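Written below as C-alpha cells is the structure these notes are about.
All of these numbers come straight from a predicted model, not from anything done at the bench.
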Amino acid sequence: MPDTPNPLKRQIGRFASVGVLNTVLGVSLVFLCFEVFGLGLTLSNAIGYGAGLALSFALNGTWTFGAKSFDAGALAKFLALVAVAFVANLSVIQALMPLGVPYPLAQIAGVVTYSALVFLGMKYAIFKS
C-alpha cells in the first residue's frame, strides 16, 4: 500500500520552494534595476521586493494552499501579515543580539520567525480551506 503524502509536509515543501523562487526573483530584479537600468537604490529594492511578494502571494495561494481565486481582502490580509512578520523578525534580532547572540544567528532566528508566521497566517487566516 503506497504512503499517502502528508499534506502539511507537502505545503511546507512548496512554501519553502516558493520562498527560494521569490528570493531569486526579488534579488535579481534589485540588481537589474540598480546596476543595469540605473534606478535608485530605494526604487530598485521596492521593485524587487514587490515582485517577490507578488510571486509569493500568487504561488503560495494557488500551489501551496490550493486557492481557486483571490480577492482584495486576501491581498490586504497578506500585506498586513507580511508587515507583522517583518516586525517580529526585527524584534527577534533585537532581542537576541543584546544577549550575545552573533548577528548571523540572530538573523537566522528572525528569518525562521518571519517564515513561520507567514506560513501559519497564509494557511489558517488567508487561504484556510
In Å, rounded to the nearest 0.5 Å, how long is the span from [atom1] of [X] to [atom2] of [Y]?
X      : Y      : atom1 : atom2 : result
Leu75  : Lys77  : CG    : NZ    : 11.5 Å
Ile108 : Tyr103 : CD1   : OH    : 10.0 Å
Leu99  : Gln94  : CG    : CD    : 12.5 Å
Ser56  : Leu25  : OG    : CG    : 11.0 Å
Ile93  : Gln107 : CD1   : CD    : 3.5 Å

Give a yes or no on whether the backbone of [Y] and the side-chain of [X] come within a donor-acceptor separation of less than 3.5 Å.
X      : Y      : result
Asn89  : Ala85  : no
Arg14  : Trp63  : yes
Ser115 : Val111 : yes

With heavy-atom distances below 4.5 Å as the criterion, would you say the side chains of [X] and [Y] are in contact?
X      : Y     : result
Lys123 : Phe15 : no
Met122 : Leu81 : yes
Ile47  : Val30 : no
Leu59  : Thr64 : no

Report yes or no: do [X] and [Y] belong to one cluster of Ile/Leu/Val/Met/Phe/Trp/Tyr joined by side chain heavy-atom distances under 4.5 Å?
X      : Y     : result
Leu117 : Leu53 : no
Leu29  : Val36 : yes
Val82  : Leu79 : yes
Phe34  : Leu32 : no
Val18  : Val24 : no

Step-by-step side-chain contact (heavy atoms from CB on, under 4.5 Å) determination, Ser44 to Phe31
CA-CA 7 Å; Ser44 296; Phe31 288 136; over 6 Å; no

Please give me the minimum heavy-atom distance between [X] and [Y], naming the atom from each residue.
X      : Y     : answer
Ala58  : Phe70 : O-CZ, 3.7 Å
Ala109 : Leu96 : CB-CD1, 3.6 Å
Ala106 : Val92 : O-CG1, 4.4 Å

Of the options Tyr114, Phe65, Phe127, Tyr124, which is the one that meets Phe119 in a ring pair (Phe, Tyr, Trp, His ring centres under 6.0 Å)?
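In the set Tyr114, Phe65, Phe127, Tyr124, the residue that makes a ring pair (Phe, Tyr, Trp, His ring centres under 6.0 Å) with Phe119 is Phe65.
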
